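Numbers here simply count residues along the sequence, with the first being 1. This is a predicted model, so every value here is computed, not measured.
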Amino acid sequence: MRVRHGLRDLLRGLRPIAPTPAGRRPAEADSELLLRVLCHEFRTPVSTLTSLTRALADERRELTSADRRAITELARDQAAHLQSLLRDATAGTGALTLAAQPEPVVALAGILREAAALVPAGRRRARATRRAASCPVPAGRTRQVLVNLVQNALRHGPPNGQVGLYATVRGPGVSILVTDEGRVDDALLVALRRPTPAVGMSGLGLWIARQLVATDGGALRAHRLRPRGVALEVLLPVARPLS
């Protein structure tokens, strides 16, 4: 079943984490949260496109033909996502979308390849079992979640640390790990538990990722790695088979 998931859907049924300030109506608080989510959703593809174009222009970074193909595909998808956000934002209908509708279903392998292209080859670790790579997943939401998590790993992990993408089948679903050499801190754990995001932009990306994963009946979890590191695990049920 394909689920419509708009920005306003994220607000539906949620209570604010703090009382609404005096003189402000709940609708105003909802509008503020909507604006923050929208700003974040613009920031992610803009940041991704900046990273991709920088990688293509960096003569010191050796790119394989597979890397160039993955970069091109991800750039195309992020540009389309931006166009969708702009179209919905200027329509004035309130139907701002976090993912293109209807949501197509694709094999996980292609999305993993695109997300991995954000990481320089010398810092990249990527591996997927054959079964996991062929698992059908919602294209837009899964891509958004993985791009968001990889960007977080690059931003918050050590400057030259390794970033990993791993996928395997676990029970009735697929497990995707995004790892870096940072640490599991209190801010991360709080961000993964909040029913609504904190004031400001801190933790907002993880909250959005949780909503997107939950839309498909999945979950987002954090794990400590030994001797060091953190893994964010996306657990997704397998979507309907590809036709």
Side-chain angles (χ1 to χ4, degrees), residues 40 43-82 106-135 137 139 142-170 174-185 187-188 191-192 205-206 208-209 213 220-236:
H40 184 279
R43 185 179 70 177
T44 298
V46 168
S47 175
T48 300
L49 288 168
T50 301
S51 298
L52 295 176
T53 53
R54 188 176 296 146
L56 289 173
D58 188 354
E59 296 180 354
R60 298 168 300 175
R61 180 173 173 179
E62 294 185 4
L63 295 174
T64 65
S65 58
D67 280 339
R68 291 187 180 278
R69 184 166 57 252
I71 286 174
T72 300
E73 291 172 353
L74 182 55
R76 177 201 62 204
D77 292 331
Q78 293 299 293
H81 181 44
L82 268 177
V106 300
L108 177 60
I111 295 176
L112 290 175
R113 186 166 55 248
E114 291 181 25
L118 289 168
V119 186
R123 299 176 55 193
R124 182 195 312 159
R125 297 292 181 269
R127 186 171 64 251
T129 64
R130 183 174 299 179
R131 285 183 62 199
S134 64
C135 281
V137 294
T142 305
R143 183 182 297 107
Q144 277 181 266
V145 168
L146 294 187
V147 166
N148 190 315
L149 297 184
V150 169
Q151 291 277 25
N152 278 353
L154 291 168
R155 187 179 303 116
H156 299 296
N160 296 311
Q162 302 293 314
V163 174
L165 266 168
Y166 307 96
T168 187
V169 172
R170 179 188 288 189
V174 60
S175 166
I176 309 164
L177 292 175
V178 177
T179 69
D180 65 67
E181 296 178 340
R183 62 190 181 90
V184 177
D185 57 18
L188 173 62
L192 289 174
L206 284 177
I208 293 173
V213 171
L220 180 62
R221 301 173 181 172
H223 304 277
R224 288 184 174 87
L225 301 179
R226 295 181 180 178
R228 63 176 180 173
V230 56
L232 285 173
E233 181 182 25
V234 178
L235 290 164
L236 288 175

Peer 1: Go through the structure and list residues passing side chain to side chain contact (heavy atoms under 4.5 Å, CB included) with R125, not counting sequence neighbours.
Peer 2: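 Result, side chain to side chain contact (heavy atoms under 4.5 Å, CB included) vs R125: Q162, Y166.
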Peer 1: At their closest point, which heavy atom of A128 faces which heavy atom of L112, and how far apart are they?
Peer 2: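 Reported closest heavy-atom pair: CB-CD1, 3.8 Å.
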Peer 1: Applying side-chain contact (heavy atoms from CB on, under 4.5 Å) to V230 and D185, what does each step give before you reach the verdict?
Peer 2: CA-CA 9 Å; V230 56; D185 57 18; over 6 Å; no
Peer 1: How would you list all residue pairs meeting salt bridge (Lys or Arg N to Asp or Glu O under 4.0 Å) that involve residues 149-159, not counting sequence neighbours?
Peer 2: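 As it turns out, there is no salt bridge (Lys or Arg N to Asp or Glu O under 4.0 Å) pair with a partner in residues 149-159 once direct neighbours are skipped.
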Peer 1: Sequence neighbours excluded, which residues qualify as salt bridge (charged side-chain N to carboxylate O under 4.0 Å, His left out) partners of R131?
Peer 2: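 None.
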Peer 1: Quick one: do L206 and N152 satisfy side-chain contact (heavy atoms from CB on, under 4.5 Å)? Show the steps, please.
Peer 2: CA-CA 9 Å; L206 284 177; N152 278 353; 4.1 Å; yes
Peer 1: From D180 CG over to L154 CG, what is the distance, rounded to the nearest 0.5 angstrom?
Peer 2: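 So the gap between those two atoms works out to 8.5 Å.
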Peer 1: Among all residues two or more places apart in sequence or in another chain, which pass the side-chain hydrogen bond (donor to acceptor under 3.5 Å, both in side chains) test with H223?
Peer 2: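 Once residues adjacent in sequence are excluded, the partners of H223 under the side-chain hydrogen bond (donor to acceptor under 3.5 Å, both in side chains) criterion are E233.
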Peer 1: Verify, without hydrogens or angle tests, whether T53 (side chain) and T50 (backbone) share a donor-acceptor contact under 3.5 angstrom.
Peer 2: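 Pair found, side chain donor or acceptor close to backbone of T50.
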Peer 1: Enumerate, atom names and distances included, each donor-acceptor pair closer than 3.5 Å involving a side-chain atom of residues 116-123, sequence neighbours excluded.
Peer 2:
unit_1	atom_1	unit_2	atom_2	d
R123	NE	G161	O	2.7
R123	NH1	P159	O	3.0
R123	NH2	P158	O	3.4
R123	NH2	P159	O	3.3
R123	NH2	G161	O	3.1

Peer 1: So, taking the atom named CZ in R113 and the one named CD1 in I71, what distance separates them when rounded to the nearest 0.5 Å?
Peer 2: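 The distance works out to 12.5 Å.
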Peer 1: Looking at NE2 of H156 and CD of E181, how far apart are the two atoms once the value is rounded to the nearest 0.5 Å?
Peer 2: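 Answer for the NE2-CD pair, H156 versus E181, is 16.0 Å.
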Peer 1: Tell me the closest heavy-atom pair linking L220 and V234, and the distance in Å.
Peer 2: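 Reported closest heavy-atom pair: CD1-CG2, 3.8 Å.
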Peer 1: side-chain contact (heavy atoms from CB on, under 4.5 Å) between Q144 and N148: does it pass, once the steps are laid out?
Peer 2: CA-CA 6 Å; Q144 277 181 266; N148 190 315; over 6 Å; no
Peer 1: Kindly write out the residues that satisfy side chain to side chain contact (heavy atoms under 4.5 Å, CB included) with A115, not counting sequence neighbours, or none if the list is empty.
Peer 2: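 So A115 forms a side chain to side chain contact (heavy atoms under 4.5 Å, CB included) with L146, V150, L165.
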Peer 1: With sequence neighbours excluded, tell me which residues meet side chain to side chain contact (heavy atoms under 4.5 Å, CB included) with T168.
Peer 2: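 By the side chain to side chain contact (heavy atoms under 4.5 Å, CB included) rule, T168 matches T129, S175.
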Peer 1: Give, for atom CD1 of I111 and atom OG1 of T142, the distance between the pair rounded to the nearest 0.5 Å.
Peer 2: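 Reported to 0.5 Å precision, the distance equals 5.0 Å.
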Peer 1: Hey, could you give me each pair passing salt bridge (Lys or Arg N to Asp or Glu O under 4.0 Å) that has a residue in residues 65-76? Not counting sequence neighbours.
Peer 2: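 Of all non-adjacent pairs touching residues 65-76, those that pass salt bridge (Lys or Arg N to Asp or Glu O under 4.0 Å) are D67-R124.
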Peer 1: Where is the tightest heavy-atom contact between V145 and A209, given as atom of each residue plus distance?
Peer 2: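 Smallest interatomic distance, heavy atoms only, reads CG2-O, 3.9 Å.
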Peer 1: Before you tell me yes or no, could you show the steps for L235 and R170 under side-chain contact (heavy atoms from CB on, under 4.5 Å), namely the whole-Å CA-CA distance, both residues' side-chain angles and the distance that decides it to 0.1 Å?
Peer 2: CA-CA 8 Å; L235 290 164; R170 179 188 288 189; 4.3 Å; yes
Peer 1: Could you report the tightest heavy-atom contact between A75 and L49, atom names first, then the distance?
Peer 2: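 For A75 and L49, the tightest heavy-atom pair comes out as O-CD2, 3.6 Å.
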Peer 1: Of all the heavy-atom pairs spanning L177 and A231, show the shortest one and how long it is.
Peer 2: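 The pair with the smallest heavy-atom distance is CD2-CB, 4.2 Å.
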